[in-house]
Each structure stands twice: as C-alpha cells, then as structure tokens.
Amino acid sequence: MGNYGNLFGWLIVTGLVLTLLNYPVKAIYRKWVAELDNESSFKRGYLKFQQFIVKYHRFFGLFTTMMLLTHLIIQISYRWVSRTGIIAASLLVLNVILGAYGHYIRKKKRSAWFYVHRTIAVLTTIAIVLHIVMQGR
Ligand code: HEM
Ligand code: HEM
C-alpha cells in the first residue's frame with residue numbers, strides 16, 4: 001500500500017503543476033504573446049489555453065487537495081507521520097482556503113490576499129521539494 005502512497009504523492013505534484021501554471025502562462029502571454037497580431041492563429045490558440053488554465057485553476061487546486069488527502073491517509077496508515085509532509089500539506093490547505101476567499105468573497109479583486117496566495121504557493125513548493133529530497137522524513 002505504501003507504494004500507492006508514493007503514487008498519490010506524485011499525483012499531488014502533478015495537480016500542483018497544473019494549478020501553478022496559472023502564473024507562467026499569464027507571464028508568457030504578457031511578455032511575448034500579447035504583441036502578436038490579433039489574427040494570428042497561435043495567439044488565438046494560446047488565449048484559449050490560457051482561459052482553460054485560469055478557469056479551472058480552482059478545480060486543479062481541489063484535485064490536488066483530494067490527492068493530498070489520499071496520500072496522507074495511506075502514508076499515515078502504512079508508513080509514518082511525516083514532519084515535512086505535514087508542513088507542505090498545511091501550507092497547501094491554507095492556500096486553498098485563501099484562494100477560495102479571494103475567488104468567492106473578494107471576487108478575484110487583487111489585494112493583500114492575492115500576494116499572500118502567491119507567496120504561500122512558493123513556500124509550498126519549497127516544502128514539497130524538501131519533503132521529497134528527505135524521502136518523506
Ligand atoms: C503537499 C503535500 C505532499 C506532497 C506533494 C507529497 C509528495 C510525496 C511524494 C512525491 C513522495 C514519494 C517520493 C518518492 O517517490 O521517493 C512522498 C513520500 C512520502 N510522503 Fe508525502 N507528500 C505530501 C504530504 C505528506 C503528508 C501530509 C504525509 C504524512 C503525514 C506524507 C508522508 C509521506 C511518507 C511517509 C513518504 C515516504 C513513503 C516511503 O518512501 O515509503 N506526505 N510524498
Ligand atoms: C494548490 C492550491 C493553490 C495554489 C498553489 C495556487 C496558486 C496560485 C498562484 C501562483 C496564483 C497567481 C497567478 C497570477 O500571478 O496571476 C493564483 C491566483 C489565483 N488563485 Fe490560486 N492557487 C491554489 C488554489 C486556489 C483555489 C482553490 C482557488 C479558488 C477557489 C484559487 C483562486 C485563485 C484566484 C481567484 C487567483 C487570481 C486570479 C485568477 O488567476 O483567477 N486558487 N493561485
């Protein structure tokens with residue numbers, strides 16, 4: 001079962017990559033794609049892709065959380081309670097709550113929540129790298 005735990009660990013990482021794409025996809029648009037001709041089929045395709053990534057951002061975050069729950073249950077049952085894992089998980093869950101607050105209560109208007117949301121995303125990524133490098137310790 002522990003091997004399934006590791007599989008779900010990698011599914012969390014996959015979900016997180018999809019969630020985090022929100023940032024680079026917009027950054028690449030601003031830097032290189034925005035200046036292209038509006039008729040360009042590449043630009044139109046890119047905008048479709050960007051819309052998809054932004055529209056489903058919260059669902060990618062939710063998928064990530066469900067994979068996290070599964071990983072957590074399996075690892076606690078068949079392996080051990082990981083300290084670095086708990087730190088990564090707490091940051092991730094905190095960011096989901098913050099994202100929901102920004103989306104539904106703040107109606108996506110950028111204010112402090114948005115910059116904290118971005119910062120916690122970076123901290124979560126660092127915590128997960130540590131968790132994997134330390135082999136779940
Ligand atoms: C965002 C949160 C987390 C992510 C992305 C994550 C990801 C991963 C990944 C990818 C592995 C496999 C590493 C490998 O293949 O060598 C792993 C291993 C492990 N994780 Fe997590 N994890 C998270 C949270 C947690 C939590 C909350 C716990 C437990 C309370 C936990 C417990 C473990 C344990 C015990 C292992 C090692 C299992 C073994 O090697 O037999 N993780 N994690
Ligand atoms: C794994 C959890 C999550 C991570 C790591 C994460 C990360 C991020 C990042 C890095 C940005 C910045 C994008 C930019 O600079 O434009 C962002 C934006 C945003 N996030 Fe999240 N997020 C997560 C979950 C959620 C959830 C669950 C929701 C809503 C229910 C949400 C709502 C938002 C909103 C409204 C924005 C700003 C505007 C937009 O792009 O729509 N996030 N998120």
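Values below: all heavy atoms of this structure, side chains included; hydrogens, waters and symmetry mates excluded. Both ligands and their constituent atoms are indexed starting at 1 by order of listing. All of these numbers come straight from a predicted model, not from anything done at the bench. Numbers here simply count residues along the sequence, with the first being 1.
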Any atom of ligand 2 sitting under 4.0 Å from a heavy atom of [X]?
X: Arg106; answer: no
X: Leu62; answer: no
X: Thr64; answer: no
X: Trp113; answer: yes

Is the contact between Phe114 and ligand 2 made by the side chain, the backbone, both, or neither, using heavy atoms and a 4.0 Å cut-off?
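Only the side chain of Phe114 comes within reach of ligand 2.
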
Residue part near ligand 2, for Ile120, under 4.0 Å between non-hydrogen atoms
neither

How far is [atom] from the closest protein heavy atom, and which atom is that?
atom: atom 2 (C) of ligand 1; answer: Leu68 CD1, 3.4 Å
atom: atom 1 (C) of ligand 1; answer: Ile128 CD1, 3.6 Å
atom: atom 15 (O) of ligand 1; answer: Trp10 NE1, 3.0 Å

For ligand 2, is there an N or O atom under 3.5 Å from any N or O atom of [X]?
X: His57; value: yes
X: Thr19; value: no
X: Asn95; value: no

Judged by modelled atom types alone, do Ser82 and His131 share a side-chain donor-acceptor pair under 3.5 Å?
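Yes, His131 and Ser82 have a side-chain donor paired with an acceptor closer than 3.5 Å.
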
Just checking, any donor-acceptor pair under 3.5 angstrom between side chains of Arg106 and Tyr101?
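Yes, Tyr101 and Arg106 have a side-chain donor paired with an acceptor closer than 3.5 Å.
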
If you take the nearest heavy atom of each of [options], which one is closest to [atom]?
atom: atom 43 (N) of ligand 2; options: His117, Lys108, Arg118, Lys55; answer: His117
atom: atom 38 (C) of ligand 2; options: Arg30, Lys26, His103; answer: Lys26
atom: atom 39 (C) of ligand 1; options: Arg137, Arg83, Arg79; answer: Arg79

May I ask you to decide if the ring planes of Phe42 and Tyr46 are parallel, tilted or perpendicular, using 30° and 60° as cut-offs?
tilted

Does Arg118 make a cation-pi contact with Trp113 (under 6.0 Å, within 45 degrees of the axis)?
no

Looking at Tyr23, which atoms of ligand 2 are within less than 4.0 Å of one of its heavy atoms?
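Reading through ligand 2 atom by atom, the close ones are 14 (C), 15 (O).
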
Protein N/O/S count near atom 21 (Fe) of ligand 1 (criterion: distance under 2.8 Å)
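Counting protein N, O and S atoms closer than 2.8 Å to atom 21 (Fe) of ligand 1 gives 2.
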
